[in-house]
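Working notes, beginning with the structure itself.
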Amino acid sequence: MKAIRRFTVRPVLPEPLQPLSDLARNLRWSWHTETRELFESVDPAGWRATGRDPVRLLGAVSAARLAELAGDRTFLDRLTAAAAGLDTYLRGERWYQEHAGQGAELPAAIGYFSPEFGVTAALPQYSGGLGILAGDHLKAASDLGVPLIGVGLLYRHGYFRQSLSRDGWQQEQYPLLDPNELPVTLLREPDGTPAQIVLTLPGHRSLRARVWQAQVGRVPLLMLDSDVEENGPGEREVTDRLYGGGSEHRLLQEMLLGIGGVRAVRTYCRLTGHPAPEVFHTNEGHAGFLGLERIRELVATGLGFEASLEAVRAGTVFTTHTPVPAGIDRFDRELVARHFGDDGELPGVPAERVLGLGMETYPGGEPNLFNMAAMGLRLAQRANGVSTLHGAVSRQMFAGLWPGFDPSEVPITSVTNGVHAPTWVAPEMARLGDAERVPDGDVWAVRRILREQLVTEVRTRLHASWRQRGAEAAELGWIDGVLDPDILTIGFARRVPSYKRLTLMLRDRERLTELLLHPERPIQIVVAGKAHPADDGGKRLVRELVRFADDPRVRHRIVFLPDYGMGMAQKLYPGCDVWLNNPLRPLEACGTSGMKAALNGCLNLSVLDGWWDEWFEPDFGWAIPTADGSSADENRRDELEANALYELIEDRVAPRFYDRGESGLPDRWIEMVRRTLVSLGPKVLAGRMVREYVERLYAPAAAAHRALDADTAAELASWKYRTRTLWPYVSVDHVEAVAATGVGGGAGGAELGSTLSLRVSVGLGELRPEDVEVQAVAGRVGSDDTIADAQTFPLKPAGGPDLEGRWVYEGPLALDRTGPYGYTVRVLPAHPLLATSADLGLVALPTEATGEGAGVLMR
């Protein structure tokens, strides 16, 4: 018989051991080595058996062992020190508080919304890089003292556990997660009842959710859970699994995350006294509905929709993580419309206004689709990509939202991702100390220890995987010879969409086999990755790799490990010598796995994409040449780039690893490890990333939020409405070069260092000069007269309007570049509260007949 309900009966901790409970419930243990070592000493075998999870460990340890520890003075001293250390960490001033004390105007709190969070393997609420990044963001914010409130969903089945069939096909399992066995607690009202969030659904139904709280150091993480008895069966399953179900299921998840998440934050602040967020950070479009809920809150106070929209935009930051339109959630217009308005959510906010924020009304869009990223960008005054290259890709991808502007002027900046070093750096590497001063022999010895640990981990996991695939123990003796701690080890682990090219290494199997089995400079490869459950193409790639790795000729040199997750990653990154990344450029937004490897002295071998495009130096690894010109022929491109990969490994990577100096050590390799740790390491830190968010996005957003009280927001909304209405009457009527200094070189030319004086006649209709900004835009031009590397030069009014109501603007244009050069003139809206001049997406440009000097070329 099966139990109809399960729960854990926990032992009662003796009074001297009570601090263990607080230490277990605060996820700082997941990145604090001393605390983890303390829990391991409670019961070393139990620690391994429970997956290194303190909550599960304390639920399983015997009462006799607890009584023994309660009388162990050495253990109690360590416990006291750990508890005191946590208290100091939680209460002491950190970078944020010191920064504020030095006069920086910082937000009282920030709400950080994400569909997934990868904080620790003990809280499996992530699928890949987006969630791991979000977890690292919370941890780095905690270390810096940033008053963040994380908001997500609690998925009762998490993502999925991956295993393999006998023939290598990916299989998925969804084990049920019991929140009572996770490091979370219920948010409760003062009377002890669980706090509850309610959303209204069509047909007079309700979606209810409880709020579970995980404590990530100083940062609370609120996770909404719809599996409550008051819900109907369909509503209970809304938070069943991450990225599962059809369109309506996903829409409800995202409504609960965004709308319900704001309500959860309000409830949490009411119950705990935590300052209310002044800034809301939307980590990808999945959480975009949070802006609509905040508009509803303001509309309920009597503020108009447009004014509420301005107030919400001012304090919102949106981060996009995808470089491809296919990575964005899009819903049918009718589906979204059905869930809002009089019979759904957000009373007081017309459904048509909701739709207007997300519809693809721009050139190239599909008018009947509601785009979550488009809504996120329209609801946020500040937006960013996650690497310099990804910022450029995002400006191109979303340029349709700002018609009339070149992609380079689209107001999407970039903050390059980072990773949380205490989470990802192996203790052995951390204990190595200052890498600049450590002897070569010590560096090499630690690297070998980490490689040896990986070999042990791989054999254990490979044995378990083959048993799951149906093999008998007697068949698996060969696993004891898999991998070698003295062989160059290459790692490749990530999700398995087609653009990441899991199987590029298999392009020429004989050549790869020769590299694996080279008699003097062999390599070995450890591969891991999950395909999305609905992605049969990705599953075929996994099977192709697995079948190659099953070949008895090479199976001791290449392995595929199923069920890639944080626990595996924390052994994999440190144990590899080289981290391989070969996506189709520029489809990797950032790619933080290589950062985690680098922090452990692992060298990167990667296509110049994401963060590697930004920070690659020959000291840190190798750049795989790309055949971008062959992009129309994917087959040809893959062939060229695979050959380049083989050549790099054979001619440069392997010789560098195996060549020994007079000391018997690979001196040049060790120097690359040292340079990676010393020079690259500080750049890839999540602390650097979060400080950038605070200084470049959160602080300006808080200032904008504070500047927009109800009256100011209404005034700005009114000004925008008036400007949009009157903009068709704005024109650039005449442009001429009135005079120039140092002009020479004949007709159509000018000399470097000369100045061209522009005189422009502009029609403003009923707008005023203070409503606009008139600029000259100049730079090098191509054969089609398109301006590149543009500079802007402000032009100023030269008196009042003429008899026809036109205004004259004048200003100098400095000619500071040689070669083909050109300029144009434009008029933009201007207001002190606009974050950028592109905010409204309005621009007036000269027509073909505008007059002398418009677009003149100088050579």
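The first residue in the sequence is number 1, and the count goes up from there. Below, each value reflects all heavy atoms present in this structure, side chains not excepted, and no hydrogens, waters or symmetry copies.
From Asp240, atom CG reaches atom CG of Leu176 across 11.0 Å, with rounding to the nearest 0.5 Å. Here Leu224 contributes atom CG and Leu199 contributes atom CG; the two are 9.0 Å apart, rounded to the nearest 0.5 Å. For the atom pair CD (Glu366) and CE (Met359), the distance works out to 10.0 Å, reported to the nearest 0.5 Å. Between the CZ atom of Arg210 and the CG atom of Asn231 there is a distance of 10.0 Å, given to the nearest 0.5 Å. For the atom pair Asp711 CG and Leu303 CG, the distance stands at 9.0 Å (nearest 0.5 Å). Here CZ of Phe117 is found 12.0 Å from CD1 of Ile132. Values are rounded to the nearest 0.5 Å.
Distance alone, capped at 3.5 Å, is enough to place a donor-acceptor pair between the Arg313 side chain and the Arg378 backbone. The backbone N or O of Arg236 sits less than 3.5 Å from a side-chain atom of Ser226, completing a donor-acceptor pair. A donor-acceptor pair under 3.5 Å is formed between the side chain of Thr725 and the backbone N or O of Tyr721. Judged purely by atom type and a 3.5 angstrom limit, Arg205 uses its side chain to pair as donor or acceptor with the backbone of Pro202. Under the 3.5 Å distance criterion, the side-chain polar atoms of Lys139 are matched with a main-chain donor or acceptor of Val119. No side-chain donor-acceptor contact under 3.5 Å links Gln162 to the backbone of Pro562. Using a distance-only test at 3.5 Å, with no hydrogens or angles considered, a donor-acceptor pair links the side chain of Asn26 to the main chain of Gly217. A donor-acceptor pair is defined here as one N or O able to donate and one able to accept, closer than 3.5 Å; such a pair exists between the side chain of Gln125 and the backbone of Tyr155. Between the side chain of Arg382 and the backbone N or O of Val317, no donor-acceptor pair lies under 3.5 Å. Here the side chain of Trp402 pairs a donor or acceptor atom with the backbone of Ala838 at under 3.5 angstrom.
Side chains of Asn384 and Tyr693: a donor on one and an acceptor on the other come within 3.5 Å. At a cut-off of 3.5 Å, with distance as the only test, no side-chain donor of Asn283 or Thr319 sits close to an acceptor on the other residue. In summary, the side chains of Gln171 and Gln173 do not present any donor paired with an acceptor at a separation below 3.5 Å, with no hydrogens or angles considered. For the 3.5 Å distance criterion, the side chains of Tyr243 and Glu116 qualify, holding a donor opposite an acceptor. No side-chain N or O of Gln253 forms a donor-acceptor pair with one of His286 less than 3.5 Å apart. One side chain, His281 or Tyr698, offers a donor N or O that lies under 3.5 Å from an acceptor on the other. Side chain to side chain, Thr712 and Asp709 meet the donor-acceptor criterion of an N or O pair below 3.5 Å.
Here the shortest heavy-atom pairing between Ala531 and Val542 reads CB-CG2, 4.5 Å. Closest heavy-atom contact between Arg25 and Val55: NH2-CG1, 4.1 Å. In this structure, Leu187 and Gln213 approach most closely via the heavy-atom pair CD1-OE1, 4.3 Å. Shortest non-hydrogen contact noted between Pro183 and Ala122 is CD-O, 3.7 Å. Between Cys269 and Pro275 the shortest heavy-atom distance is SG-O, 3.7 Å. Considering every non-hydrogen atom in both Leu842 and Phe405, the closest pair reads O-CZ, 3.5 Å.
Classification of Glu229 and Arg208 as a salt-bridged pair fails, no side-chain N sitting under 4.0 Å from a carboxylate O. Looking at Asp343 and Arg338, no side-chain N of the basic residue comes within less than 4.0 Å of a carboxylate O on the acidic one, giving no salt bridge. Salt-bridge check for Arg333 with Glu352: passed, with a basic side-chain N closer than 4.0 Å to an acidic carboxylate O. Comment: Arg161 engages Asp563 in a salt bridge, judged by a side-chain N to carboxylate O separation of less than 4.0 angstrom. In summary, Arg56 and Glu181 do not engage in a salt bridge, as defined by a charged side-chain N under 4.0 Å from a carboxylate O.
Screening residues 291-300 for side chain to side chain donor-acceptor pair (under 3.5 Å) gives Arg263-Glu293, Arg266-Glu297, Glu293-Arg296, Arg294-Thr316 as the qualifying pairs, with residues at least two apart or on separate chains.
Using a 4.5 Å cut-off on side-chain heavy atoms (C-beta onward), Leu840 and Leu834 make contact. Trp169 is listed as a side-chain neighbour of Arg540, based on a closest heavy-atom distance under 4.5 Å. Within the 4.5 Å cutoff, the side chain of His321 has heavy atoms near those of the Leu133 side chain. Between Thr320 and Phe398, some side-chain heavy-atom pair lies under the 4.5 Å cut-off. For the pair Pro115/Leu257, a side-chain contact is recorded, criterion being any heavy-atom separation below 4.5 Å from C-beta on.
The aromatic rings of Tyr174 and His157 stand perpendicular to each other, their planes meeting at an angle above 60°, with 30° marking the opposite boundary.
Proximity of the aromatic rings of Phe340 and Phe289 is defined here by a centroid distance below 6.0 angstrom, and this criterion is met. Residues His137 and Tyr112 bring their aromatic ring centres within 6.0 Å.
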* To do: Under the side-chain contact (heavy atoms from CB on, under 4.5 Å) rule, what do Tyr268 and His274 come out as? Steps first, then yes or no, please.
  => CA-CA 7 Å; Tyr268 175 79; His274 193 290; 3.7 Å; yes
* Asked: Would Gln381 and Phe318 satisfy side-chain contact (heavy atoms from CB on, under 4.5 Å), going step by step from the backbone distance to the final call?
  -> CA-CA 8 Å; Gln381 198 175 71; Phe318 175 76; over 6 Å; no
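Residues that satisfy the ring pair (Phe, Tyr, Trp, His ring centres under 6.0 Å) test with Trp719, not counting sequence neighbours, are His831.
Surrounding OH of Tyr499 are more than 12 heavy atoms belonging to other residues, nucleotides or ligands, all under 6.0 Å away.
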